[in-house]
Structures are given as structure tokens and as C-alpha cells.
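Each remark here refers to the structure printed beneath this line.
What's counted below: heavy atoms across the whole structure, side chains too, no hydrogens, waters or symmetry copies. Each chain gets a letter, A, B and so on, in the order its sequence line appears, and its residues count up from 1.
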Amino acid sequence: MVDTETTATEAGRDFIRDIVQADLDAGRTQSVVTRFPPEPNGFLHLGHAKSICLNFGIAREFGGTCHLRFDDTNPIKEEQLFIDAIQRDVRWLGCDWGEHLYYASDYFEQLYEWAEHLVRTGKAYVDDTPPDAMRTQRGTLTEPGQNSPFRYRSVEENLDLFRRMRAGEFPNGARVLRAKIDMTSGNMNLRDPVLYRILHTDHPRTGNAWSIYPTYDFAHGQSDAIEHITHSVCTLEFEDHRPLYDWLLDNLPVPSHPRQYEFARLNLSYTVLSKRHLTRLVTDKHVTGWDDPRMPTIAGIRRRGVPAAAVREFIGRVGVARAYSTVDVAMLDSAIRDTLNPVAPRRMAVLRPLKLIIDNYPEGQTEALEARNHPDNPEAGSRSVTFGRELYVEQDDFMENPPKKFYRLSPGKEVRLRYGYFVTCQEVVKDESGAVVALRCTYDPASKGGNAPDGRKVQATLHWVAAADAVPAEIRLYSHLFNRPDPGADGDVLADLNPDSLEVLTGCLVEPSLSQAPVGEAVQFERTGYFALDPDSQPGRPVFNRTVGLRDTWAKVQANTKG
RNA sequence: UGGGGGAUAGUUUAGCGGUAAAACUCCCGGCUCUGACCCGGGCAUCCUUGGUUCGAAUCCAGGUCCCCCAGCCA
């Protein structure tokens with residue numbers, strides 16, 4: 001595991017933290033309590049990471065606590081599998097809820113009692129109106145709704161009906177419990193919202209104990225109140241629910257009245273951050289699972305090799321505001337590189353091998369060369385790499401007819417083999433079809449270690465592996481899951497899937513030290529990118545995922561000259 | 001003439017009446033045993049119109065555009 005510690009980075013300032021600070025200063029809040037409240041109906045993604053970092057971050061920065069609470073009020077979509085995965089992911093992000101693990105279902109009995117309280121005070125009623133008719137009665141965005149004929153039932157009848165709903169006497173959908181607020185309100189959420197529905201479904205935690213379940217609106221605020229949450233932070237789409245959140249707390253004998261604040265959810269270019277769409281990708285097998293490295297899920301990016309610290313760094317850079325926005329995925333890549341660069345060990349791996357033969361190097365001879373594990377950190381130490389007569393370099397590092405700005409190998413050109421010697425390309429070996437199969441070179445024995453005694457320079461330094469001990473590997477290259485920055489903007493998200501988001505390279509050769517790499521921990525393949533061992537690896541047959549590529553100025557130069 | 005929100009560089013965010021800041025991207029250049037990292041430099045009529053003011057991204061008034069809400073989902 002990479003760095004699960006919560007770094008003591010400087011707390012970013014935003015409007016929510018300003019509110020918390022002001023509440024603390026004014027004495028309105030004694031001790032801050034926040035919560036992260038996922039519904040266990042899928043895996044966590046980068047959007048949740050923003051909420052997690054915000055809620056746990058605020059608690060940590062202001063000396064408060066943050067609860068993990070599962071909003072498990074809809075058993076139709078929820079599973080234990082997701083409850084487990086969510087805890088694993090939150091922990092991996094470096095967040096600790098301590099003893100404060102809760103479930104909305106812990107409060108089902110209390111919520112039920114409060115529902116009866118509303119009935120007794122004439123503020124809730126049982127409605128037999130079928131869903132279709134209820135929708136009609138609710139009116140439209142511009143027209144007020146009509147009162148349900150069942151709105152005028154007596155308290156006694158409502159109580160009796162509601163108890164029988166709980167007892168399981170009625171089928172799904174037969175009746176609901178509704179709050180009696182205002183069918184003419186401009187806010188649709190106040191047009192007598194449903195508080196309880198009949199659901200004869202087993203719940204992952206309460207089994208078949210209940211045949212009615214509270215809605216989000218009836219569960220969330222009260223759960224916050226029970227836990228004495230001080231600042232209930234959620235995303236902008238719940239803004240319209242705040243009046244209902246407050247109405248319920250004002251009309252119930254709750255132990256506290258938390259305040260809800262909303263921020264803009266995270267959107268990322270070239271991907272989707274909506275559980276609905278991500279679930280679709282998984283169930284329709286457009287990806288291998290929730291942890292497919294192309295997925296924007298926590299499990300996916302972790303498998304890709306992204307350290308938790310990089311996610312936190314990214315979330316910190318993105319900030320928290322109320323303006324709708326879509327963050328450029330390049331910002332994520334940059335945060336990953338910046339996190340990995342100072343710590344990732346350097347290794348050499350050739351993704352698309354091209355044989356290089358050094359004619360003047362003694363046949364059968366090999367020698368050990370010292371290679372630094374990190375260019376800027378001597379404490380990272382060094383390792384030994386084998387040099388020999390036959391090596392492999394990257395196909396991209398050779399061009400028979402190079403353009404002017406091409407610094408790498410070409411006929412007659414001298415370059416440096418990293419940690420090794422200067423070599424000069426003398427001859428290009430081709431097969432019958434004319435394809436380049438090998439390079440015959442000569443080396444300068446005096447340049448051992450990488451520098452020529454006469455001080456002459458080379459334009460390029462190439463990474464390489466020795467034929468004698470290179471280990472074959474599979475390397476998986478990932479690019480954007482979607483081929484446009486705003487998937488689904490034309491209606492169909494799946495139509496925007498990038499068919500080339502996964503490229504599997506099978507003939508790769510990596511230096512032997514890489515066969516002992518720990519799973520999931522990114523190393524830098526010099527000049528190529530950051531890579532992490534995938535759990536699919538077999539003994540002697542490593543599989544690497546590209547976490548993120550290095551910035552590639554040469555690729556840009558090429559692209560620009562072509563264009 | 002339903003309700004609720006939002007508009008600052010290509011992208012995110014800061015700025016809270018004193019003359020636009022940071023990160024990312026992009027472009028130019030330097031350095032380099034990774035064309036990486038690093039180091040210079042460049043890139044904004046602050047949605048718009050008018051008003052208040054010595055002074056407005058910030059205050060006021062009108063307009064424009066964008067987002068959310070009509071689940072017995074969350």
C-alpha cells in the first residue's frame with residue numbers, strides 16, 4: 001500500500017471552511033462534526049473522493065470528528081459487497097472514522113417513531129393514491145399541485161393505516177406516508193413529499209424486519225440530528241431539499257438541528273462520475289469491473305497505481321465552490337506525476353523492443369553496471385544492471401530517416417545508453433519485407449558509466465535492457481475511457497466510449513529487478529511513465545499497468561509538425 | 001410573471017471598494033546521463049448594460065446565458 005497517512009498539508013480555504021470557522025468563532029459550534037454518507041449501491045469514485053476529503057478534512061483541520069454513515073434506505077439497490085468496498089476505499093484514502101461507523105438503518109426504529117409523531121400532530125398522512133395519479137396531482141413546474149383526497153384522513157385512521165403498513169399488510173406501492181406541507185409550493189419537494197414507502201424487500205442489514213422504508217428526505221436530516229452533525233455538507237442538487245430538511249427538523253423532537261451546505265460536485269473531462277453510468281459500464285461489461293484501471297473509481301485508480309496522496313493532492317488543487325464546472329483530467333495526471341516523481345523508484349523497461357547488437361563488444365561477455373534508483377535522491381541507493389553484447393532498445397528510439405529535431409538513434413549517430421556506454425549505429429538489419437529487425441552498433445569502451453573522457457556530448461540518452469537477463473512482461477496502456485471531454489453530451493454516453501482505451505503490449509522486456517515489484521506500487525520506467533504491477537501477474541510473467549505517462553515534449557513536437 | 005442556484009484566462013480556483021493572483025493546459029526559451037524533473041518568459045475587454053464612487057471583479061438596478069427540481073432514487 002502506498003501512503004495511507006493523512007498528510008498535514010496546508011488546509012485549502014473555501015466557503016464551507018469559512019462558514020465552519022465563523023461558527024466556531026461565534027460560538028455557534030462547540031466542536032465540529034461532519035459525515036460522509038454514501039449509499040451502498042456501487043463503488044466510490046473521484047466525485048466521492050471530493051466529498052470524503054472535504055468532510056474528513058474539515059474534521060481534521062478543526063479538531064472535530066467525521067462519521068462514516070451508510071445511507072441505506074433503499075434495499076432494492078444496496079448490497080453488503082458495496083458496504084465493504086466503500087469502507088476499504090475510504091480507509092485507503094487515508095480517512096479514519098474511528099468508532100463512528102453508522103447506518104441510517106440503525107435509526108429505523110427511531111425514524112418510525114418520529115413518523116408516528118408527525119401523524120399524531122397532523123403533519124403527515126397515509127395516501128392511497130396510485131403513483132400515476134400522484135404525479136398528476138403534484139402539478140408541474142409552473143402549475144401548483146392539487147391536494148390528495150386522502151389528505152383529510154383523521155389522525156386515528158392515519159395511525160392505524162401506517163401501523164398496518166409497517167406490519168406488512170399491504171402490497172408494494174399500495175400506500176405511502178406523506179408529509180402535509182403545501183401542494184402549491186414553488187418548491188416541488190414541499191408538495192407533500194413521500195416519507196415512507198412499502199417495500200417487501202430484504203435489507204442487507206435489517207433483513208426482513210421491515211416492510212416499509214423511509215425515503216432519503218425522511219432519513220437524512222434526522223440521522224444527521226441523531227449524530228449531532230454540525231455541518232451537513234452535500235452537493236448542489238440537494239439545495240432544493242434544504243427547506244424540507246429544515247421543515248422535518250423543525251417539526252420533530254430531534255436532539256439537534258444541523259445545517260446543510262451545498263457545493264458543486266466534481267466533473268472530470270473524458271470520463272463520467274455518475275454511479276448510474278458507471279454501474280452500466282460494469283454490468284454491460286464495457287470494462288472488466290469496478291476496479292478496471294480505466295474506471296474513475298477509487299478501486300480503479302488504485303489498481304492503476306495512483307497513490308492515495310495523489311488523489312488528495314488533486315482534490316486539494318480542484319478546490320470547493322458553488323460554480324458548476326468540469327475539471328480537465330490533465331490536472332489529475334499532473335497531480336499523480338507530482339506525487340510520484342519524488343518517490344517512485346526508477347527502472348528500465350522496453351515496451352516495444354528492437355534488438356541492438358554491439359559488434360565490438362566481446363562475444364559472451366557481460367558486466368554489471370550501477371544504476372541509480374532515483375536521480376535526485378541518493379538515499380534511494382542504486383542497483384546493478386547487466387550490460388552485454390545484445391541489448392534491446394525502444395523501437396521509437398530509432399529512425400532510419402530522422403527529421404531535423406530527432407535526437408535519438410539513426411544510422412551513423414551516437415547516443416548514450418543510460419548508465420552504460422556511448423554507442424553508434426553502424427548498420428540497419430532488415431528482414432525480407434524491409435522491416436527493421438536489428439541495429440548493428442559499435443561502442444566506445446572509454447565511455448563506461450556514461451561519459452566520454454574527451455568530453456564529447458550526445459543528444460540523447462536511451463533506456464535499454466540486456467538480452468541476457470531481461471524479463472518478458474505484459475504491459476497495459478490506458479487512455480481516456482471516452483473519446484470526448486463531455487461524454488453523453490449528444491445523448492448517449494455509451495456511444496462516446498473510446499474503443500482504444502486499452503492497449504495491451506505483450507512482447508515487453510523489463511529489467512530483472514522488476515519481477516519483485518510489489519503489486520499496486522508505482523515505479524517509473526525511465527523516459528516512459530509510471531507503472532504498477534497488476535494483480536493479474538503470474539510468477540515470472542509480470543503484468544504492468546501504466547499509471548500515467550511522463551510528459552512527452554517530443555510527441556508534441558511531432559504532432560505539431562505533422563499537423 | 002413556478003422555485004432554487006451559478007457566471008473571473010483554454011480548465012479549475014483566489015480575490016469580500018484601491019487598480020486581477022495561483023495551479024493545470026498551451027506557446028517560446030534555458031538546463032539535463034530521463035526530450036522527465038527543474039528554471040525563465042508569454043497567454044483575462046472579470047457575462048452584459050447602466051448607476052453609485054476619487055476609485056467597482058467586488059456595491060445597486062435591469063438584461064443575457066447556463067445548471068438543478070415534476071422518483072413511492074439518493
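For residues 163-174 of chain A, the pairs satisfying salt bridge (Lys or Arg N to Asp or Glu O under 4.0 Å) are A/Glu109-A/Arg166, A/Glu116-A/Arg163, A/Asp160-A/Arg164, A/Arg164-A/Glu169, with sequence neighbours left out. Within the structure, the salt bridge (Lys or Arg N to Asp or Glu O under 4.0 Å) test picks out no pair touching residues 136-146 of chain A (sequence neighbours left out).
The residue A/Thr528 sits apart from the nucleic acid: no heavy atom pair falls under 4.0 Å. Across all strands, A/Arg322 comes closer than 4.0 Å only to sugar-phosphate atoms, never to a base (heavy-atom distances). A/Phe406 comes within 4.0 angstrom of a nucleotide base, judged by non-hydrogen atoms across all strands. When heavy atoms are screened at a 4.0 angstrom cut-off, A/Gln524 is found touching base atoms of the nucleic acid. If you check every strand for non-hydrogen atoms under 4.0 Å, A/Arg242 touches nothing. Using a 4.0 Å heavy-atom cutoff across all strands shown, A/Thr73 reaches sugar-phosphate atoms only and no base atom. Using a 4.0 Å heavy-atom criterion, one finds that A/Tyr419 contacts the bases of the nucleic acid, with or without backbone contacts as well.
Taking atom C1' on both B/C72 and B/A9, the two are 47 Å apart, rounded to the nearest angstrom. Taking the P atoms as reference points, B/C26 lies 38 Å from B/U64, given to the whole Å. B/C60 and B/C27 have their P atoms separated by 42 Å, given to the nearest Å. The P atoms of B/A61 and B/A23 are separated by 37 Å, rounded to the nearest whole Å. Across the P atoms, B/G62 and B/U58 are found 16 Å apart, a figure rounded to whole Å. Using C1' as the reference atom, B/C68 and B/C73 are 16 Å apart when rounded to the nearest Å. Rounded to the nearest Å, the gap between the P atom of B/C31 and that of B/A36 is 13 Å. Straight-line distance between the P atoms of B/G10 and B/U48: roughly 13 Å, to the nearest whole Å.
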Strictly under 4.0 angstrom, non-hydrogen atoms only: write out the protein contact profile of nucleotides 21-27 of chain B, one letter per nucleotide from the 5' end, B, S or -.
--BSSSS
Could you run down nucleotides 64-72 of chain B 5' to 3' and tag each one B, S or - for protein heavy-atom contact under 4.0 Å?
---BBBBSB
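Only one option out of A/Val306, A/Asn341, A/Ile336, A/Thr339 pairs with A/Tyr530 in a side chain to side chain contact (heavy atoms under 4.5 Å, CB included); it is A/Asn341.
In this structure, A/Glu394 does not pair ionically with A/Arg408, as no charged nitrogen and carboxylate oxygen lie closer than 4.0 Å. Salt-bridge annotation for A/Glu370 and A/Arg383: absent, with no side-chain N of the basic residue lying under 4.0 Å from a carboxylate O of the acidic one. No salt bridge links A/Asp127 with A/Arg151; every basic N to acidic carboxylate O contact stays at or beyond 4.0 Å. Look at A/Asp376 and A/Arg346 and you find no salt bridge, because none of the NZ, NE, NH1 or NH2 atoms lies under 4.0 Å from a carboxylate O.
The aromatic ring centres of A/Trp114 and A/Phe218 sit 6.0 Å or more apart.
Nearest nucleotide to the side chain of A/Asp552, out of B/A7, B/G35, B/A74: B/G35.
Nucleotide B/U58 is matched to nothing when pairs are restricted to Watson-Crick or G-U wobble geometry with both distances under 3.5 angstrom. The pairing partner recorded for B/U11 is B/A23, the criterion being a Watson-Crick or G-U wobble arrangement whose two distances lie under 3.5 angstrom. Look at B/G63: its Watson-Crick or wobble partner, with both distances under 3.5 angstrom, is B/C47. Using N1 to N3 plus N6-O4 or O6-N4 for Watson-Crick, or N1-O2 and O6-N3 for G-U wobble, each under 3.5 Å, B/C72 pairs with nothing. Pairing of B/U1, defined by two Watson-Crick or G-U wobble distances under 3.5 Å, is not identified with any nucleotide. The base-pairing partner of B/C38, taking Watson-Crick or G-U wobble contacts with both distances under 3.5 Å, is B/G30. Pairing of B/C16, defined by two Watson-Crick or G-U wobble distances under 3.5 Å, is not identified with any nucleotide.
Between A/Phe263 atom CZ and B/U12 atom P there is a gap of 16 Å when expressed in whole angstrom units. Remark: C1' of B/G29 and NZ of A/Lys405 are 11 Å apart, rounded to the nearest angstrom. One atom, CG of A/Asp376, and another, P of B/C39, lie 12 Å apart when rounded to the nearest Å. A/Asn267 places its CG atom 10 Å from the P atom of B/U13, with the value rounded to the nearest Å. Between A/Phe82 atom CZ and B/A74 atom C1' the separation is 14 Å, expressed in whole Å. For the pair A/Asp246 CG and B/G3 P, the computed distance is 20 Å after rounding to whole Å. One atom, OH of A/Tyr407, and another, C1' of B/C31, lie 12 Å apart when rounded to the nearest Å. Rounding to whole angstrom units, CD of residue A/Gln459 and P of B/C31 are separated by 13 Å.
A stacking contact links A/Trp554 to B/G35: the aromatic ring centre lies within less than 5.5 Å of the base's six-membered ring centre, and the planes differ by less than 30°.
A/Asn267 is linked by a side-chain contact (heavy atoms from CB on, under 4.5 Å) to A/Arg265, A/Thr326, counting only residues two or more places apart in sequence or in another chain. For the salt bridge (charged side-chain N to carboxylate O under 4.0 Å, His left out) test, residues two or more places apart in sequence or in another chain that qualify with A/Arg322 are A/Glu239, A/Glu262.
When each of A/Pro375 and A/Val320 is assigned the nucleotide of RNA chain B bearing its nearest heavy atom, the one mapping closer to the 5' terminus is A/Val320. Across the interface with RNA chain B, nearest-nucleotide mapping of A/Val318 and A/Arg346 shows A/Val318 to be the residue nearer the 5′ end.
In this structure, B/G71 shows a glycosidic angle within 90 degrees of zero, which is the syn conformation.
Remark: A/Thr461 is not in phosphate contact with B/G35, judged by side-chain N or O atoms under 4.0 Å from OP1 or OP2. Applying the 4.0 Å criterion to OP1 and OP2 of B/A36, one finds that A/Thr553 has a side-chain N or O inside that range.
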Using the ring-ring contact (aromatic ring centres under 6.0 Å, His included) rule, take A/Tyr270 and A/Phe482 through it: C-alpha gap first, then chi angles, then the decisive distance, then the call.
CA-CA 5 Å; A/Tyr270 293 99; A/Phe482 294 89; 9.4 Å; no
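Here the closest non-hydrogen pair linking A/Arg337 and A/Pro342 is O-CD, 4.4 Å.
Using a 3.5 Å distance cut-off with no hydrogens or angles, the side chains of A/Asn373 and A/Arg347 do pair a donor with an acceptor.
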